[in-house]
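Input: a single structure, listed below in structure tokens.
A quick note: this is a predicted structure, and the numbers were derived from the prediction, not measured. Every chain is numbered from 1, with letters handed out A, B, ... down the list of sequences.
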Number of protein chains: 2
Amino acid sequence: MAKTRQLTPEVVIETAARLANELRDASRITLTDLAAELNIRVPSLYNHVKGLDGLRRDLTVWGLQQLLAATRQAVLGQVGRDALLAVAHAYRAFAHAQPGVYSLVLKAPPPEDAQLTALSNELLLILQLVLASYNLQGEAALHAIRGFRSVLHGFVSLETGGAFELLLDRDESFNRLVEIYLDGLSKN
Amino acid sequence: MAKTRQLTPEVVIETAARLANELRDASRITLTDLAAELNIRVPSLYNHVKGLDGLRRDLTVWGLQQLLAATRQAVLGQVGRDALLAVAHAYRAFAHAQPGVYSLVLKAPPPEDAQLTALSNELLLILQLVLASYNLQGEAALHAIRGFRSVLHGFVSLETGGAFELLLDRDESFNRLVEIYLDGLSKN
DNA sequence: GTATATAATCTAATTATATTAGTTATTGGC
DNA sequence: GCCAATAACTAATATAATTAGATTATATAC
């Protein structure tokens, strides 16, 4: 049928993810670096990804799938506040483990990309279900999702961006923030 | 002494800010575009800014000064919860008015850049003073600053990034989030 | 007034990166 | 063995940033 691939899609994407995480920002990957890492010439990359934009898009899908899996795992068998706390910690752990990939995942998916949009919606659906078990439904739940995402994204993006430099325990800061928000949610 | 500048530093930086805001992301400005906008050749830009990195840095200083002025203005004559609410709304208004510049301002300043670090610290100092009037001091105030910044940055960065697409009032979402956080802060 | 130093701008060349076009070579199915 | 498919290649082009060095206009010293 064809010349056997030496590179599988998995190797390409995982190598790109590693580079992105080392740079701590996916917008800094270059095809030049990726090709060098894979021991092929730059134009050969076009057999695997649709240019730089395609690579970023593939990385985003890959990252969203990981975040989704981690979130599902975290809420397994939990409801209410415990489930929300578990989501919060899984989210932060993901951003710490994969800072470069994280920088892609939080961006809003382009509406014309069905796969990305679907993954993004699945995450929202999980949050919606968990909030339902926290007695939040309808518009209140939607406002709560926006708030919860803001809290999580705001903290981890400032944190991984190096904004919290003081010698003050970051876990403690995060826990206080999440607890204040969840307490406030339950008191409405 | 010298050939009179046709371009003042203000014109250069304000044109760059306008381009950055139109692109909604400062990382997408190019020297090519800026030079075209100013009717000079690209290399001539080097008389005004230290390359692309220098331009971004100058834009960051300019943006921080504006945010600082808006924040000072917002807290004028206010204390406690009112002052914190005013800061929140000024912060969000700034991000809406200057989305491109905002994307630069929230990044942690490189420690070796004294001017940037000073501006950044001034903002933190304002927050610290306002929180003191909210009965928060010492470590509690530092955790609260981290939380408050997370809340503000998280919401406006998701919002300006297009993450909140539903037909659900964003002002309402923001107000609920900020109020929940401020309520929680006062109950400790 | 004129000369000169200064700096703003320019052209030309270099470097880095992404992308496209077109070729080569390998391999699995027939 | 032949053929179709495709991964990988070389070569060329495009875009952007940057550096080197020449040119020019003008503010000030005299």
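Not a single side-chain hydrogen bond (donor to acceptor under 3.5 Å, both in side chains) links B/Arg28 to another residue, sequence neighbours left out. In this structure, the salt bridge (charged side-chain N to carboxylate O under 4.0 Å, His left out) partners of A/Arg72, at least two apart in sequence or on a different chain, are A/Glu122. Every side-chain hydrogen bond (donor to acceptor under 3.5 Å, both in side chains) that A/Asp33 has, sequence neighbours left out, goes to A/Thr30.
In secondary-structure terms, DNA chain C builds stems of at least 3 consecutive Watson-Crick or G-U pairs, each pair having both distances under 3.5 Å, at C:1-30 with D:1-30.
One interatomic measurement links the two molecules: CG of A/Leu55 to P of C/dA18, which rounds to 10 Å at whole-angstrom precision. In this structure, B/Leu38 atom CG and C/dA8 atom P are separated by 14 Å, rounded to whole Å. In this structure, the CD1 atom of B/Ile40 is 11 Å from the P atom of C/dA8, given to the nearest Å. Going from atom NZ of B/Lys50 over to atom C1' of D/dT19 covers 16 Å, rounded to whole Å. Between the C1' atom of D/dA25 and the CG atom of B/Leu7 lies a distance of 15 Å, rounded to the nearest Å. Look at CG on A/Asn47: it is 16 Å from P on D/dA5, rounded to the nearest Å. Nucleotide C/dC10 holds its P atom 6 Å from the CZ atom of B/Arg41, rounded to whole Å.
One finds no salt bridge joining A/Lys107 and B/Asp25 here, because no Lys/Arg side-chain nitrogen approaches an Asp/Glu carboxylate oxygen to under 4.0 Å.
Every pair passing side-chain hydrogen bond (donor to acceptor under 3.5 Å, both in side chains) that includes a residue from residues 94-105 of chain A is listed here, sequence neighbours excluded: A/Asn21-A/Gln98, A/Gln66-A/Gln98, A/Tyr91-A/Tyr102, A/His96-A/Glu159, A/Tyr102-A/His153. Within the structure, ring pair (Phe, Tyr, Trp, His ring centres under 6.0 Å) pairs that include any residue of residues 158-179 of chain B comprise B/His89-B/Phe174, B/Phe155-B/Phe164, B/Phe155-B/Phe174 (at least two apart or interchain).
Inter-residue side-chain proximity for A/Leu19 and A/Glu22 is flagged as met; some heavy-atom pair is nearer than 4.5 Å.
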- Each nucleotide of nucleotides 12-17 of chain D classed B (base within 4.0 Å of a protein heavy atom), S (only sugar-phosphate) or -, in 5' to 3' order, makes ----SS
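A/Leu142 belongs to a hydrophobic cluster whose other members, connected by ILVMFWY side-chain contacts under 4.5 Å either directly or through intermediates, are B/Leu166, B/Leu168.
For D/dT6, the OP1/OP2 oxygens have no side-chain nitrogen or oxygen of A/His48 closer than 4.0 Å. Distances shorter than 4.0 Å separate some side-chain N or O of B/Ser44 from OP1 or OP2 on C/dC10.
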Could you give the side-chain donor-acceptor pairs of residues 54-62 of chain A under 3.5 Å, partners two or more places apart or in another chain?
| residue | atom | partner | partner atom | Å |
| --- | --- | --- | --- | --- |
| A/Arg57 | NE | A/Asp113 | OD2 | 2.6 |
| A/Arg57 | NH2 | A/Asp113 | OD1 | 3.0 |
| A/Arg57 | NH2 | A/Asp113 | OD2 | 3.3 |
| A/Arg57 | NH2 | A/Gln115 | OE1 | 3.0 |
| A/Thr60 | OG1 | A/Arg56 | O | 2.7 |

